[in-house]
Each structure stands twice: as structure tokens, then as C-alpha cells.
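Working notes for the structure below.
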Amino acid sequence: MLDIRLIRRDPDGVRAMLGRRGPPAAAGLDKVLELDGRWREVTAELEKVRAQQNRASRGRKGAPTEEERAHLAELAGRRRKLADEEAAVGAAREAQLASLPNLPAADAPDHEQVIREVGEAGARGRDHLELAGERIDMARAARLSGSRFAYLRGELVALELALVSYAVAKLADKGFEPVIPPVLVRERALYGTGFLPDTEQQIYGLPADDLYLTGTSEVGLAALHQEEILSAGDLPARYAGFSSCFRREAGAAGKDTRGIFRLHQFDKVEMFSFVEPDASLAEHEWLLAIQEEICHELSIPYRVVAIPVDDLGASAAKKYDVEAWLPGQGRYRELTSCSNTTDYQARRLDIRYRESAEGRPLHVHTLNGTAVTNSRTIIALLENGQHENGSVTLPPVLHRYGAPEVLAPAGADGK
RNA sequence: GGAGGGGUGGCAGAGUGGUCGAAUGCGCCGGUCUUGAAAACCGGAGUCCGGCGACCCCGGACCGCGGGUUCGAAUCCCGCCCCCUCCGCCA
């Protein structure tokens, strides 16, 4: 949600920034301005009538006389009419305002920008399915649930659990509180995080219960402080969420159909930060640095890409993707991403903080970033750790969390 | 799933349909007193919207949320949400 005060104060500036996302966004802004103007007129009139009513009834003890009653009834009628209009125009303004995406950061590029490449990329080899064999069981999962589902079996379960433990421990060390959030949520949280109405077709809904399955624990983490006023001492507040994630992948038919690159259900450890507005730029870089540290410790060659304005979701002002080199595909593919959503989600969820005892509460900034996933991180580990004979060496840092040191070649001992 | 009870300011807790934004207590902030503190006393304090982008000022709204009745609703009616107790079921 954009700040209506900012829009009133500097409509041209806001229009120019929104315009980077395309003409519809800029047009939406003008609708907001028009509705807001009408809303303010109606509101002023409504409040005048209410003030009259209050003056008339304040302090009164008994019932009014007949002529008083006639006058008061007339006032009440006018108020009702104005109140209805105020509600209608106000709702239209809110809906229009809520449909506007966040303002892109000045340094969010117009075109994809590779910021750096790290590690030895360029290797070719077997892809993760060839390496895993039935330890990734797509056929039986399809029989059970349809396409884009997978059974993870045997040693790969130990690998996932090790990855999760490793990531959660690392983040806890850095001050993130581990959290397992609900993944079945009400509409409110999806609206508040900007996934609704923006990405409605990607979200599984359970209409019988008015609940939705979340596509990322970001939803539950952001909503953790919904409608709260934090004190400055609470910030930064950082959480490491672990949950399953559910995505319909509508519109992705035929894309990434092999293996576990794009699934309807996967698990993820997610970083989420609530910070003071001044701190969000630095926090964004820091989250990215953690993602890179993880790639380094897992020996995954990667590059960092600044996402173009066109591809930012509704809520992000700026976004980086970390892309892993995948020898099975012979190219870089998205592994993790990390976004600065500035005050966009905080406004929609009404999350504020108090800077000092006397100041008014201000909206916080929120940021999110992937730590590890049981789909793409595992793909990157398998494909980059592979040997000529089809065995895979897993990074030492995972061993103490229960990951096998080496995965045997697919087909060995019946796998 | 069935049957009851309840949601009021940071907390506790009053509130015959008519100065109730709301008593009172605790906690909190400022002051007086004190060498300092405590006690006592005095004062203050919520959030949101509009009026000019202002912590002053003016108006309006907010007693779980949303509707309704009424000249007037914290108080009456309806729907929803949440919490508690008992029974059933269940990991």
C-alpha cells in the first residue's frame, strides 16, 4: 500500500515512479487521486452534519420535543445519506489504492543486471534426476498427486533435514528467531503481504473453509506482527521461518517439467526482517550476503542478478536473485531471491513502531529472502557435487547435521 | 460436532439508551516535596481520519469486527471473529 499522503503531496513524482512499472500503474494512480478528492469532499460535509448532531444531543437528558425531533430526524437523514456515500467512495478509493504496486527503488534496474559471478561455473554433467534415481520419485508422486509433485526418499530426506538444520542454526546464530508458521491462512494475510490481489492465480484456496495455502512462509512471518505497534527497541526483529510452500504454477504449463525444479509443494527456510525505515537498504544487502555465504559454504557456483522493475512483484521495491549454476541444465537458474518491500507490506498489515515516547508511530520496513529450499538447493548440491561415476559428494558443513558424506550413484543398491 | 459463558483504555475492572472517550485501582510519564529515593500530593497520557505535509488548535471516528433499530447505542437486534468451560472425536 502506498502512502496516500505522499500521493497527495507529490502526485507527479509518484506517477513517474509508478510509470516505470508501465502505463496501467500510472493510470491507477490518477483514479486514486480522483476518488480521494471526492472522498475528502464528502467526508468534510458528513463531519459537519455529525458535529451538528453532536451539538444538539450532547448533554441532553430527556426526550426531545416534537419540533426538535423533526429537526433532528432531518439531520439524521442527511447524515445517513452522506455516510453511505462516504463509505462507498472510501471503499472504492481503498480498493484502487490497494491495487497499486510498490514504488520501485531508484536503483532497481530497467533490465536484468548481473552484479557478480562467484565460483567455478560452466561445468556440465548429469542432472539431478539422473543422479538421484528413485531417491527422487516423480512417477509414483504423479500417480498419487499429479504432475509437479515428488517423493523425496532415503538419503535425500537426511539431506533435506540437514540443510534445514544447518540453515536454521546459522540464522539463529545471526539473531533470527526460528519460527514454524501456519501455512493455512485467511485472506487478510495474503492481502497484507501483497500476494492478493496480485498473484491470485498462483494460490491454492480451500473455499469450504475460507483458507488459503501459503506459497511461502513470508506470509505467516510478515503477519506475525500484524496490527502491532512495536517499540524501537524491538527492531530489527528477524525471523527464520521453516515451512512447506504451495504454488499452483498456473501459466507455467510445460515449463521446467523435469525433476523438482518447479513443484506445487516444497519446503523452504525463509529469512524475514522488520526494520526501521533507515535500515532497510543495509538489511537488504545483508540478507543477500547471507545467501551468498550459504552458497559459498555449500560450494554452489552462483551469480547475483538485480531484477528489472518489470519483474518485481507488487510488494517489492527492489529484488535480487541468486542464481545457481546447474550442470544438468548448463546454465544459471534461480536458487534464492531476496526483496526489500519497504513500507508496502507494513502499511497493508498495519505494522508500526514507536521511535520515541512522544512521536507518532511510523510504519516499519520489511524484507524477505530465501535461505534454502528442499527443491532447488538440493538440485544445486547434487549437480555440482557429482563425480564421473554418478556419485555425489556433499559439503562437509552438512555432515554434522546428518547429511551423508557421499551419495551413491543412482541404481546402486537398488536405488 | 454438541451445550454454555465471555470480549470495555498498557493491565485489572465499573458502566438504568441521553456531556461516556468512557468511573475506579494498578502500572506509565512530568512536576512539587526530599541530600537522593520511597511515600504523599498535583498534572499528563491512546489510535485513526479530515481541516495545510506540523507533536499547537478545530471537527469527526474508535468500548472484538461488520451491519441494523433510534432524534440519540459501550448499552437493544442480527451476522462474523476470538477466548474460556463441559461433552464427543482426534495426532
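Hydrogens, waters and symmetry mates play no part in the numbers below; they use all other heavy atoms, side chains included. Because the structure is a prediction, the values reported are computed rather than measured. We name chains A, B, ... by the order of the sequence lines, and we start the count at 1 in each one.
- Of all nucleotides listed (B:G59, B:U70, B:G53), B:U70 comes nearest to the side chain of A:Arg79.
- Of the candidates B:A61, B:C71, B:G50, B:A61 carries the atom nearest the A:Arg50 side chain, counting heavy atoms from C-beta on.
- Each of B:U47, B:G50, B:C49 was ranked by its minimum atom distance to the side chain of A:Arg360; first place goes to B:C49.
- In this structure a side-chain-to-backbone donor-acceptor pair under 3.5 Å is present from A:His264 to A:Arg247.
- Ring-centre distance between A:His225 and A:Tyr239: below the 6.0 Å cut-off.
- Across the interface with RNA chain B, nearest-nucleotide mapping of A:Arg186 and A:Asp84 shows A:Asp84 to be the residue nearer the 5′ end.
- Judged by distance alone, with hydrogens and angles left aside, the side-chain atoms of A:Gln265 form no donor-acceptor pair with the main-chain N or O of A:Ser244 at under 3.5 Å.
- Look at A:Asn54 and you'll find a side-chain N or O under 4.0 angstrom from OP1 or OP2 of B:G60.
- For the P atom pair drawn from B:C71 and B:C29, the interatomic distance equals 48 Å after rounding to whole Å.
- Nucleotides B:G13 and B:A3 are separated by 29 Å at their C1' atoms, to the nearest Å.
- Distance from the side chain of A:Arg354 is smallest for B:G46 among the nucleotides B:G46, B:G50, B:A61.
- Distance, A:Asp3 CG to B:C48 P: 12 Å, rounded to whole Å.
- Using a 4.0 Å cut-off on heavy atoms, none of the residues of residues 91-99 of chain A approach RNA chain B.
- Of the possible donor and acceptor atoms, none in the side chain of A:Asp36 sits under 3.5 Å from a partner among the backbone N and O of A:Arg93.
- When the P atom of B:U19 is taken as reference, atom CD of A:Gln52 falls 20 Å away, rounded to whole Å.
- Non-hydrogen atoms lying under 4.0 Å from RNA chain B are contributed by nothing in residues 222-235 of chain A.
- With B:C49, B:C81, B:U47 as the choices, the nucleotide that has an atom nearest any side-chain atom of A:Arg5 turns out to be B:C49.
- Taking atom CG of A:Leu82 as the reference point, atom P of B:G60 lies 15 Å away to the nearest angstrom.
- Comparing the same atom, C1', in B:U34 and in B:C20 gives a spacing of 40 Å after rounding to whole Å.
- A:Ala76 comes within contact range of the sugar-phosphate backbone alone, with a heavy-atom separation under 4.0 Å but no base atom that close.
- Closest contact between the side chain of A:Ala73 and the listed nucleotides B:G59, B:U47, B:C71 involves B:C71.
- In the set B:U70, B:G60, B:G50, the nucleotide with an atom closest to the side chain of A:Arg80 is B:U70.
- For RNA chain B, runs of at least 3 consecutive pairs of the Watson-Crick or G-U wobble type, with both hydrogen-bonding distances under 3.5 angstrom, map to B:1-7 with B:81-87, B:10-12 with B:24-26, B:28-32 with B:40-44, B:46-51 with B:57-62, B:64-68 with B:76-80.
- One distance of note links CD of A:Glu134 with CD1 of A:Ile136; it measures 11.5 Å at 0.5 Å rounding.
- Taking atom P in both B:C28 and B:A22, one finds a spacing of 24 Å when rounded to whole Å.
- Checked against the 6.0 Å centroid threshold, A:Tyr344 and A:His365 do not count as a close aromatic pair.
- Between A:Ala87 and A:Trp39, the one whose closest nucleotide on RNA chain B sits nearer the 5' end is A:Trp39.
- Of the candidate nucleotides B:U69, B:U47, B:C49, B:C49 has the atom lying nearest to any side-chain atom of A:Glu47.
- The CD1-C1' distance, from A:Ile4 to B:C48, rounds to 15 Å in whole Å.
- Taking the centre and axis of the six-membered ring of A:Phe274, the NZ or CZ atom of A:Arg238 falls outside the cone set by 45° and 6.0 Å.
- With both ends at atom C1', the span from B:G9 to B:C48 equals 15 Å, rounded to whole Å.
- Side-chain contact between A:Arg140 and A:Arg153: present, with at least one pair of heavy atoms (C-beta onward) separated by less than 4.5 Å.
- Between the side chain of A:Glu86 and the backbone N or O of A:Val42 there is no donor-acceptor pair closer than 3.5 Å.
- In terms of modelled atom types and a separation under 3.5 Å, the side chain of A:Arg303 and the main chain of A:Trp325 share no donor-acceptor contact.
- The CD1 atom of A:Ile7 sits 14 Å away from the C1' atom of B:G53 (whole-angstrom rounding).
- Checking A:Val164, A:Leu394, A:Asn374, A:Leu152 one by one against A:Leu159, the side-chain contact (heavy atoms from CB on, under 4.5 Å) holds for a single residue, A:Leu394.
- B:U85 and B:C80 have their P atoms separated by 23 Å, with the value rounded to a whole Å.
- Between the P atoms of B:A14 and B:A23, the separation comes to 15 Å (whole Å).
- Spacing between atom CZ of A:Arg352 and atom C1' of B:G46 amounts to 11 Å, rounded to whole angstrom units.
- In terms of modelled atom types and a separation under 3.5 Å, the side chain of A:Glu383 and the main chain of A:His128 share a donor-acceptor contact.
- B:G46 sits 23 Å from B:G53 when the P atoms are compared, rounded to a whole Å.
- As a whole-Å value, the separation of A:Leu75 CG from B:C71 P is 12 Å.
- Across all strands, A:Arg9 comes closer than 4.0 Å to base atoms (heavy-atom distances).
- When rounded to the nearest whole Å, the span between CD of A:Gln53 and P of B:A61 equals 9 Å.
- Proximity of a side-chain donor or acceptor of A:Arg262 to a complementary backbone N or O of A:Thr257 within less than 3.5 Å is not detected.
- A centroid separation of less than 6.0 Å is found between the aromatic rings of A:Phe176 and A:Trp286.
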